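In listed order, ligands and their atoms are each counted from 1. As the structure is a prediction and not an experimental result, all values here were calculated from the model.
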Amino acid sequence: MPTMTDNSLQALLPEEEIPTQWYNIAADLPDIPPHLHPGTKEPITAEDLAPLFPAALIEQELTKERWIDIPDPVRDIYKLWRPAPFHRAKRFEEALGTNARIYYKYEGGSPIGSHKTNSAVAQAYFNMIDGRMKVTTETGAGQWGAALAFATQIWDMSCEIWQVRSSYEGKPYRHAQMEAFGATCHSSPSDLTDAGRALREKYPDTTGSLGMAIAEAVEAAAKDPAASYSLGSVLNHVVIHQSIIGQEMLKQLAMFDEPQIDYLFGCAGGGSNLAGLAFPVLRENLEGRMNAKIVACEPKAAPSMTEGVYDYDFGDSVGLTPLLKMYTLGHEFIPDPVHAGGLRFHGMAPSVSYAKHEGLLDAIAVGQVEAFEAGVTFARAEGIIPASESNHAIAGAVRQAKAAAAAGEDPVIVIGVSGSGQLDLPAYTEFLEGKMADS
Ligand SMILES: *Cc1c(COP(=O)(O)O)cnc(C)c1O
């Protein structure tokens with residue numbers, strides 16, 4: 001490993017250090033409750049999932065194997081943007097007047113500017129090797145749709161996307177991005193599916209929600225034998241793919257000669273980027289090598305873990321998906337249209353929910369004005385304008401750094417900066433002009 005000095009700001013990992021295996025937390029937390037069949041209420045089986053997903057992804061969804069090999073063609077695509085940067089945020093520390101040592105893992109350098117490509121490439125690949133050359137999906141803010149659009153065209157597949165209405169209208173550059181990568185994108189609820197037509201009748205003025213868009217994409221895949229459905233967060237296989245974030249980060253932290261993390265902050269919508277960064281650290285905690293406090297930062301507009309109940313619920317709005325044991329606000333909950341569209345989900349990954357329930361991680365809710373205040377401070381110090389979603393994690397770290405300054409402590413804080421805010425600039429303008437609603 002290259003040597004670093006006290007003044008180093010970046011831990012540059014060589015390409016060979018891109019992980020060769022994904023980590024699966026189910027090996028270390030074997031009692032995460034299984035998904036249930038929505039009809040029989042029995043644990044879901046591989047046969048139940050076969051109409052929706054290719055075999056390898058179903059196996060990953062159900063397995064308790066600790067390590068899963070990353071196929072070479074997937075790892076070769078990862079090389080387009082990985083290893084992802086890991087920085088010491090010295091100028092940000094100075095801006096906050098804290099003795100905390102703050103580090104951040106940045107996933108915004110991917111082809112679409114978010115961690116979503118880490119799973120999109122894997123999902124497209126496993127569909128392709130099963131001969132499923134079409135995938136359908138939903139997208140909230142647009143990042144997942146764009147990631148899957150990028151990934152599917154690598155293997156000449158087709159991709160049809162339902163984008164939540166509020167972001168379809170508010171984020172036109174995201175569908176341009178999806179179309180540039182060759183995908184088709186509809187505003188959801190649409191009149192193309194039974195679920196969409198029913199939702200439009202029930203809620204004519206709806207801003208849409210991830211739950212609604214999921215219902216449309218699931219229905220479209222279920223009705224087309226040549227198509228698979230693909231989900232950008234929440235499910236175990238997605239969380240598994242994102243584990244490369246935390247695996248890289250632990251190597252990079254060691255390059256800075258830091259044996260411990262005191263606090264780790266990640267934003268949580270469906271939980272995949274938080275879990276990707278935090279589960280390899282949670283493993284260190286469980287093995288007694290670390291004692292990091294992991295904090296999920298959710299938006300006040302969709303506070304599933306801080307205000308929801310821990311129970312079985314559907315992932316979509318109309319009850320088509322398996323039942324997932326998770327913190328949920330109820331599958332009919334429609335969050336306010338906050339800027340962090342990627343965090344507008346009523347539930348939370350079952351693995352993250354279980355870890356929270358067992359006291360292995362904490363959750364806080366952050367309002368969007370506080371999030372953007374933190375994001376602007378971070379941008380001015382570090383030169384990166386973070387995604388609206390990522391600002392929630394940065395705000396969590398700011399709270400901690402200020403508490404540390406008041407208590408005269410100097411903890412090590414790691415922040416997951418899940419994406420770039422280049423396509424969120426209208427939200428920054430609204431914040432800077434003092435027009436942002438504090439929901
Ligand atoms: C999608 C997205 C999120 C929220 O999804 P998780 O599954 O909770 O990670 C957060 N940040 C960015 C940049 C995203 O694209």
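Residues Ser388 and Asn391 have side chains that never bring a donor and an acceptor to within less than 3.5 angstrom of each other. Remark: the Tyr23 side chain and the Asp28 side chain contain an N/O donor-acceptor pair separated by less than 3.5 Å.
Screening Arg101, Arg88, Gln252 for a side chain to side chain contact (heavy atoms under 4.5 Å, CB included) with Glu258, the sole residue that qualifies is Arg101.
In this view, Glu61 satisfies the salt bridge (Lys or Arg N to Asp or Glu O under 4.0 Å) rule with no residue, not counting sequence neighbours.
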Under 3.5 Å: N or O atoms of ligand 1 paired with protein N or O:
{"from": "ligand 1", "atom 1": "7 (O)", "to": "Ser233", "atom 2": "OG", "distance (Å)": "2.4"}
{"from": "ligand 1", "atom 1": "7 (O)", "to": "Gly271", "atom 2": "N", "distance (Å)": "3.4"}
{"from": "ligand 1", "atom 1": "7 (O)", "to": "Ser272", "atom 2": "N", "distance (Å)": "2.9"}
{"from": "ligand 1", "atom 1": "7 (O)", "to": "Ser272", "atom 2": "OG", "distance (Å)": "2.7"}
{"from": "ligand 1", "atom 1": "8 (O)", "to": "Gly269", "atom 2": "N", "distance (Å)": "2.7"}
{"from": "ligand 1", "atom 1": "8 (O)", "to": "Gly270", "atom 2": "N", "distance (Å)": "3.0"}
{"from": "ligand 1", "atom 1": "8 (O)", "to": "Gly271", "atom 2": "N", "distance (Å)": "2.8"}
{"from": "ligand 1", "atom 1": "9 (O)", "to": "His115", "atom 2": "NE2", "distance (Å)": "3.1"}
{"from": "ligand 1", "atom 1": "9 (O)", "to": "Ser272", "atom 2": "OG", "distance (Å)": "3.4"}
{"from": "ligand 1", "atom 1": "9 (O)", "to": "Asn273", "atom 2": "N", "distance (Å)": "2.8"}
{"from": "ligand 1", "atom 1": "9 (O)", "to": "Asn273", "atom 2": "ND2", "distance (Å)": "2.7"}
{"from": "ligand 1", "atom 1": "11 (N)", "to": "Ser418", "atom 2": "OG", "distance (Å)": "2.7"}
{"from": "ligand 1", "atom 1": "15 (O)", "to": "Ser114", "atom 2": "OG", "distance (Å)": "2.9"}
{"from": "ligand 1", "atom 1": "15 (O)", "to": "Lys116", "atom 2": "NZ", "distance (Å)": "2.7"}
{"from": "ligand 1", "atom 1": "15 (O)", "to": "Gln143", "atom 2": "NE2", "distance (Å)": "3.3"}

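Ring centroid separation for the pair Phe92 and Tyr104 does not come in under the 6.0 Å cut-off.
Not one N or O on the side chain of Thr306 forms a donor-acceptor pair closer than 3.5 Å with the backbone of Ala363.
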